[in-house]
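Encoded as structure tokens, the structure appears first; notes follow it.
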Amino acid sequence: MKWLAGLLVLTWTLTAQADDLAKAKAAFAEKDKALNTVFTTLKKELRPDLFVKMQEDQRGWVEYRDYITTGPGTGDATDATPDRWTGAAELTEARIAWLKAWKKLDQRKGWSGRYSDGRGGLLEIVEKDGHAWFTLSVVRGPSSHTGEIAGQVKVNGSTGWFETKGEGEKDPTWLTFLDGLDYNGSIRVTEENTGSFHGARAYFSGNYLWLGELTAAEQKQVIEGKDGE
């Protein structure tokens, strides 16, 4: 009767996998519904020019989400695997917070705060006593290549500048921070020669949106050049 026992195990395994898939799909559907609700609200409440910018970014993000959850580096993740939908749900939850930030951009004062590019990049800045510090960490692509860099920014009006040199590098690393270039409450980051600070498929460049203030403890970590983990 070994064949019968094996059949029962196989049946149980397939049933469990189907149950996991159904739960993962349901969790994603719930998050996706919440995201659509926030999007609809923003369409009514945002200034038309801001909504157009947000809408353009949102269209690109949907492609990004699908690429992250099914692209190279995700193994056998397909629409028939729970991991695909679990990953999509997690990205959607983070995206909801990013979308909600559009309603409070005018609340930002100065450079300080937490920013996100909505695609795996997190920027934290502290401006205090005429100085500014930052930490910038990223997780990019299906293979989750990471990067991190931190230091003191030289600020002149709406432009910030950071220069350092990676270990063994001949040329310097540059980061430029452009405040409000695209819209109030955003910082555009551009980079040059940053390979020493991130994985092959990671990058720091992007348009980072202000999410809110940092706590006193978080500000201390930024000034000390820590990532908060």
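All values reported here derive from a predicted model rather than from experimental measurement. All values below were derived from every heavy atom in this structure, side-chain atoms included, with hydrogens, water molecules and symmetry-related copies excluded.
Side-chain contact between Leu122 and Val138 is absent, with no heavy atoms from C-beta onward closer than 4.5 Å. At a threshold of 4.5 Å between non-hydrogen side-chain atoms, the residues Arg140 and Arg201 do not count as touching. Using a 4.5 Å cut-off on side-chain heavy atoms (C-beta onward), Thr164 and Phe197 make contact. Between Leu136 and Glu148 the shortest side-chain heavy-atom distance does not fall below 4.5 Å. Inter-residue side-chain proximity for Trp102 and Lys53 is flagged as met; some heavy-atom pair is nearer than 4.5 Å. Put simply, the side chain of Ile187 reaches to within 4.5 Å of the side chain of Ile125, judged on heavy atoms. Two residues are said to be in side-chain contact when any heavy atoms from C-beta on lie closer than 4.5 Å; Phe28 and Leu91 fail this criterion.
Rounding to the nearest 0.5 Å gives a distance of 11.0 Å between CD of Glu124 and OG of Ser112. Residue Met54 holds its CE atom at 5.5 Å from CG of Leu46, rounded to the nearest 0.5 Å. Taken to the nearest 0.5 Å, the OG1 atom of Thr70 stands 12.5 Å off from the CG atom of Asp83. To the nearest 0.5 Å, atom CG of residue Asp179 and atom CD of residue Glu127 are 9.0 Å apart. Trp61 CH2 to Gln55 CD: the interatomic distance, rounded to the nearest 0.5 Å, is 15.0 Å. Distance check: Ile223 CD1 to Thr135 OG1 gives 11.0 Å after rounding to the nearest 0.5 Å.
Looking only at atom types and distance, the side chain of Arg108 has a donor-acceptor partner in the side chain of Tyr115 under 3.5 Å away. At a cut-off of 3.5 Å, with distance as the only test, a side-chain donor of Asp106 or Asn184 sits close to an acceptor on the other residue.
Comment: Arg47 engages Asp49 in a salt bridge, judged by a side-chain N to carboxylate O separation of less than 4.0 angstrom. Contact check on Arg84 versus Asp66 returns a salt bridge, with a Lys/Arg side-chain nitrogen under 4.0 Å from an Asp/Glu carboxylate oxygen.
Smallest separation of non-hydrogen atoms from Trp210 and Leu105: O-CD2, 3.9 Å. Considering all non-hydrogen atoms of both residues, Ile96 and Ala34 come closest at CD1-CB, 3.8 Å. Between Leu123 and Tyr208, the shortest heavy-atom distance links the atoms CB-CD2, 3.8 Å. Residues His145 and Ala200 come closest through the heavy atom pair ND1-N, 3.4 Å. Shown here for Ala101 and Leu209, the closest heavy-atom pair between the two residues is CB-CD2, 3.9 Å. In terms of heavy atoms, Leu211 sits closest to Ala97 at CD2-O, 4.4 Å.
For Phe162, the ring-ring contact (aromatic ring centres under 6.0 Å, His included) partners at least two apart in sequence or on another chain are Phe134. By the side chain to side chain donor-acceptor pair (under 3.5 Å) test, Glu45 pairs with Lys103, sequence neighbours left out.
Within a 6.0 Å sphere centred on CD of Glu93, other residues, nucleotides and ligands contribute 12 heavy atoms or fewer.
The side-chain hydrogen bond (donor to acceptor under 3.5 Å, both in side chains) pairs that include a residue from residues 185-200 are Glu169-Ser196, Asp182-Arg188, Glu191-Thr194, Glu191-Ser205, Thr194-His198, where partners are two or more places apart or lie in different chains.
Side chain of Lys165 to backbone of Lys170: a donor-acceptor contact under 3.5 angstrom is found. A donor-acceptor pair under 3.5 Å links the side-chain atoms of Glu218 to the main chain of Thr215, judged by distance alone. In terms of modelled atom types and a separation under 3.5 Å, the side chain of Tyr67 and the main chain of Gly141 share no donor-acceptor contact.
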Side-chain donor-acceptor contacts of residues 35-42 below 3.5 Å, not counting sequence neighbours, with atom names and distances?
unit_1	atom_1	unit_2	atom_2	d
Asn36	ND2	Asp32	O	3.2
Thr37	OG1	Lys33	O	3.0
Thr40	OG1	Asn36	O	2.9
Thr41	OG1	Thr37	O	3.0

Per-pair distances, 0.1 Å, donor-acceptor, side chain in residues 149-158, under 3.5 Å, sequence neighbours excluded:
unit_1	atom_1	unit_2	atom_2	d
Gln152	NE2	His131	ND1	3.1

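Tracing side-chain contacts under 4.5 Å through hydrophobic residues (I, L, V, M, F, W, Y), one reaches Tyr183 starting from Phe51; they form part of the same cluster.
Cluster partners of Trp161, by chain and number: Trp174. The rule joins Ile, Leu, Val, Met, Phe, Trp and Tyr whenever side-chain heavy atoms lie under 4.5 Å apart.
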Run Arg119 and Arg95 through side chain to side chain contact (heavy atoms under 4.5 Å, CB included) and show every step you take. CA-CA 9 Å; Arg119 288 171 169 76; Arg95 187 66 174 183; 4.1 Å; yes
Applying side chain to side chain contact (heavy atoms under 4.5 Å, CB included) to Thr159 and Thr176, what does each step give before you reach the verdict? CA-CA 7 Å; Thr159 301; Thr176 303; 4.3 Å; yes
